[in-house]
Amino acid sequence: MNVLVLNCGSSSLRFQVIETDLDLIAKDGDKRLARGHIDRIGSLSLITLEAAGKPKVLETAPLRDQRAAIDRVLRWIVSPDSGIGGIAKLSDVHAVGHRVVHGGERFTKSVRIDAAVIDGIEDNIELAPLHNPANLKGILAARELLGPGVPQVAVFDTAFHATMPETSYLYAVPYSLYRRHRVRRYGFHGTSHRYVAYRYRQLKRLEREKVRLITLHLGNGCSACAIKEGRSLDTSMGMTPLEGLVMGTRSGDVDAAIVPFLHEKEGLTVAEIDTLLNKQSGLLGVSGLTNDMRELLDEEREKGDRRATLAVDLFCARARKYIGAYLAEMGGADAIAFTGGIGENSPAVRERICAGLERMGLTVDKSRNAAMTGGKEGEISKAGSRLKAYVIPTNEELLIARDTVRTVEGVPPPGAARRSRSKR
Ligand code: AMP
């Protein structure tokens, strides 16, 4: 089955074409046929297209909206110029898997998209006003362009965390707010945490129920997840992706009393404070320089910039604090695993996060750590370390493609979330 995986943002589109089916999944023989991304949708768009084993194609074109972007991708996929074997016409695209950011409480596993699912994703727009509308546009455009006969599946960022107990997902605010408005923690990056747990299980040849792991997804957005018996027990992002770790432009945890204080002192509106915490904080806000970790590390090394160091130190201290919290919450873990742009590529940040964890049983092996960059997967802790550390490059697209196949074939995804929700 050729599965088109789509990740639609408000002005960007990421895609992959993956050949997979139940047999290939069982043999781990899925094949990525193509991938690419389109940025700046809505103006002069930057298009990158890459078929497996072929050079990248870079183009610019004015693409008005998500529909125009998906149309461009589909035309390229079926054109002989793309050089993708086995896809010559639109009907060779057998299914579409969509990353959907917010599934709320309703979607606790991947689902085939129909009118009721579209309504459900719409209902969650108030929880993810930036993301869900773009995801929906992608779903509607793909249906229009490929026809209603091509099955489409929604894979939710929140679904992996549906197993969190009430003690993890409730805020200690009046319970009526949960009842009336579903004010609670949902968590995000679920497909990434789930993929890393799956790879860890393969590397260690473990059964799912034996996985006791802390995953750290460190990219532009960052989150940690405590995975006990193979399931999400707790995660650092909350009702929205603002809570938890320090991120590129997001503050992560703050005292909520900052909001009325800033309103009073700076005359900012609630919307302005929301923007400040989401877009002007994190590494960017502390350093005053950039949200990009690599650039901050360069500034620190080349110019000894104090605020660059402070931003990186704060980032690492917060991540370490979550590792400690999750070790306590889980009653101990066997390993921690790093993923995401920073987690996969920065030995320096990994080392700074793990510094001082020796008494908790984790000693990083300097040379193993230094070697683990650019998509490599493996252990970075010293032999004999009681708490181990790994780098596991994420691959959300593969899980989306596999969930798409399983959903279309009517096979439940492995370890599908057993719901743990409260009595109302
Ligand atoms: P992502 O959102 O997963 O693409 O991650 C983006 C982040 O990863 C940015 O902050 C990048 O600066 C960071 N990153 C990528 N490569 C490196 C690297 N070699 N060293 C440090 N940070 C990196």
Side-chain angles (χ1 to χ4, degrees), residues 5 7-16 35-39 46 48 50 99 101 130-131 157 188-196 199 215-225 236-237 241-242 244-252 278-303 305 307-316 318-319 337-355 364 366 368-378 380 391-400:
V5 175
N7 180 355
C8 288
S10 52
S11 64
S12 68
L13 168 71
R14 261 142 244 283
F15 76 91
Q16 287 197 10
R35 65 176 164 183
H37 52 94
I38 300 184
D39 293 308
L46 309 173
T48 307
E50 188 182 1
R99 174 186 182 216
V101 167
L130 297 178
H131 296 100
D157 249 28
F188 298 87
H189 289 149
T191 314
S192 178
H193 292 296
R194 184 179 141 208
Y195 176 80
V196 173
R199 277 302 302 165
T215 46
L216 293 160
H217 179 113
L218 308 177
N220 250 323
C222 300
S223 69
C225 185
S236 57
M237 283 177 168
L242 177 59
L245 303 181
V246 174
M247 313 181 210
T249 62
R250 286 174 238 161
S251 61
N278 273 292
K279 301 238 159 82
Q280 297 153 14
S281 298
L283 295 175
L284 172 66
V286 177
S287 70
L289 294 171
T290 172
N291 64 326
D292 190 292
M293 179 60 89
R294 198 168 9 187
E295 288 175 15
L296 279 181
L297 293 168
D298 289 346
E299 285 290 329
E300 190 183 27
R301 195 176 43 245
E302 288 161 18
K303 307 204 186 105
D305 188 281
R307 296 249 305 270
T309 301
L310 184 60
V312 179
D313 282 347
L314 231 154
F315 180 97
C316 295
R318 181 80 54 85
F338 290 95
T339 197
I342 300 170
E344 292 168 25
N345 294 302
S346 179
V349 171
R350 294 192 299 252
E351 191 176 333
R352 278 158 86 163
I353 290 174
C354 296
V364 170
K366 270 192 189 291
R368 281 182 182 174
N369 185 36
M372 213 60 76
T373 56
K376 291 206 198 81
E377 178 184 80
I380 57 168
V391 173
I392 300 183
T394 194
N395 192 348
E396 293 158 273
E397 291 81 5
L398 180 66
L399 278 200
I400 294 175

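Whatever order the structure lists ligands and atoms in, that order sets their numbers, starting from 1. Because the structure is predicted, anything quoted here is derived from the model rather than measured.
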Among Thr309, Asp292, Val312, Ile342, find the one that has a side chain to side chain contact (heavy atoms under 4.5 Å, CB included) with Leu297.
Val312
Counting only N and O atoms by type, is there a donor-acceptor contact under 3.5 Å from the side chain of Ser223 to the main-chain atoms of Met237?
no
With sequence neighbours left out, the residues meeting side chain to side chain contact (heavy atoms under 4.5 Å, CB included) with Ser251 are Leu242, Val254, Leu277, Ser281
Arg194 bridged to Asp157 by N-O distance under 4.0 Å:
no
Any salt bridge between Arg99 and Glu397, counting N to O under 4.0 Å?
no
Could you tell me how the ring of His217 sits relative to the ring of His189: parallel (under 30°), tilted (30 to 60°) or perpendicular (over 60°)?
parallel
May I have the N/O to N/O pairs between ligand 1 and the protein that fall below 3.5 Å, each with atom names and distance to one decimal?
{"unit_1": "ligand 1", "atom_1": "2 (O)", "unit_2": "Asn220", "atom_2": "N", "d": "2.8"}
{"unit_1": "ligand 1", "atom_1": "3 (O)", "unit_2": "Gly341", "atom_2": "N", "d": "2.8"}
{"unit_1": "ligand 1", "atom_1": "8 (O)", "unit_2": "Ile342", "atom_2": "N", "d": "3.3"}
{"unit_1": "ligand 1", "atom_1": "10 (O)", "unit_2": "Met293", "atom_2": "N", "d": "3.0"}
{"unit_1": "ligand 1", "atom_1": "12 (O)", "unit_2": "Asp292", "atom_2": "OD1", "d": "2.6"}
{"unit_1": "ligand 1", "atom_1": "12 (O)", "unit_2": "Asp292", "atom_2": "OD2", "d": "3.4"}
{"unit_1": "ligand 1", "atom_1": "12 (O)", "unit_2": "Met293", "atom_2": "N", "d": "3.2"}
{"unit_1": "ligand 1", "atom_1": "12 (O)", "unit_2": "Arg294", "atom_2": "N", "d": "3.0"}
{"unit_1": "ligand 1", "atom_1": "19 (N)", "unit_2": "Asn345", "atom_2": "O", "d": "3.4"}

